[in-house]
Amino acid sequence: MTRFRLLPALLLGVLVVAVSGCADGNLGEMVLSGPGGLCGLLLLIADIWAIVQVANSSADSGSKLLWAALIFFFPVGGLALWYFFGPKS
């Protein structure tokens with residue numbers, strides 16, 4: 001069974017939102033100004049989804065805790081690292 005990946009769709013969504021009005025079309029401002037508004041909500045949803053996926057994975061408890069903490073404390077970077085290197089179901 002192939003695992004559905006949310007990150008490409010999320011990145012496309014963030015790009016569309018950035019261009020259409022989030023941070024006034026300035027992607028740099030959106031990334032550097034911190035979470036807020038619609039962009040922050042999208043990131044929060046993606047992070048919660050990633051933490052749930054980590055919790056449901058077959059990894060040991062220590063790995064799950066480490067990945068969840070990484071995603072929690074570093075929402076953007078942790079999400080990207082989990083997507084490429086995190087535990088799979």
Side-chain angles (χ1 to χ4, degrees):
M1 182 169 113
T2 58
R3 183 176 169 190
F4 176 72
R5 294 295 192 154
L6 179 69
L7 193 60
L10 178 67
L11 291 176
L12 180 61
V14 168
L15 182 62
V16 167
V17 169
V19 171
S20 68
C22 185
D24 297 326
N26 185 349
L27 186 59
E29 180 184 330
M30 178 184 72
V31 172
L32 297 176
S33 66
L38 185 58
C39 298
L41 180 62
L42 291 174
L43 182 60
L44 177 65
I45 291 169
D47 284 341
I48 291 171
W49 182 81
I51 291 172
V52 168
Q53 294 299 313
V54 167
N56 291 333
S57 72
S58 60
D60 61 281
S61 296
S63 291
K64 288 180 182 183
L65 183 62
L66 185 96
W67 279 108
L70 184 70
I71 295 167
F72 180 79
F73 288 112
F74 304 102
V76 176
L79 184 65
L81 287 172
W82 166 79
Y83 177 76
F84 290 111
F85 305 111
K88 308 299 182 242
S89 296

Legend entry - For I71 against A50, the heavy-atom pair lying closest together: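 Residues I71 and A50, closest heavy atoms: CD1-CB, 3.8 Å.
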Legend entry - Atom pair CG/CG of L70 and L65 - distance to nearest 0.5 Å: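 One finds 11.0 Å between CG of L70 and CG of L65.
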Legend entry - Spacing of CG belonging to L79 relative to CZ belonging to F84, to within rounding of 0.5 Å: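 If we round to the nearest 0.5 Å, L79:CG and F84:CZ are 10.0 Å apart.
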Inset, instruction - For the pair K64 (side chain) and A55 (backbone), establish whether a donor and an acceptor sit closer than 3.5 Å, ignoring hydrogens and angles. - result: yes
Legend entry - Joint hydrophobic cluster, F74 plus L66, side-chain heavy atoms closer than 4.5 Å: no
Inset, instruction - State which residue, out of S63, S57, S58, fulfils the side-chain contact (heavy atoms from CB on, under 4.5 Å) condition with P87. - result: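 Per the side-chain contact (heavy atoms from CB on, under 4.5 Å) rule, the option paired with P87 is S57, out of S63, S57, S58.
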Inset, instruction - Could you tell me whether the side chain of L81 reaches within less than 4.5 Å of the side chain of W67, counting heavy atoms only? - result: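 Side-chain contact under 4.5 Å: yes.
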Inset, instruction - Check whether any side-chain heavy atom of W82 sits under 4.5 Å from a side-chain heavy atom of V54, and report yes or no. - result: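 Contact flag for W82/V54 side chains = yes.
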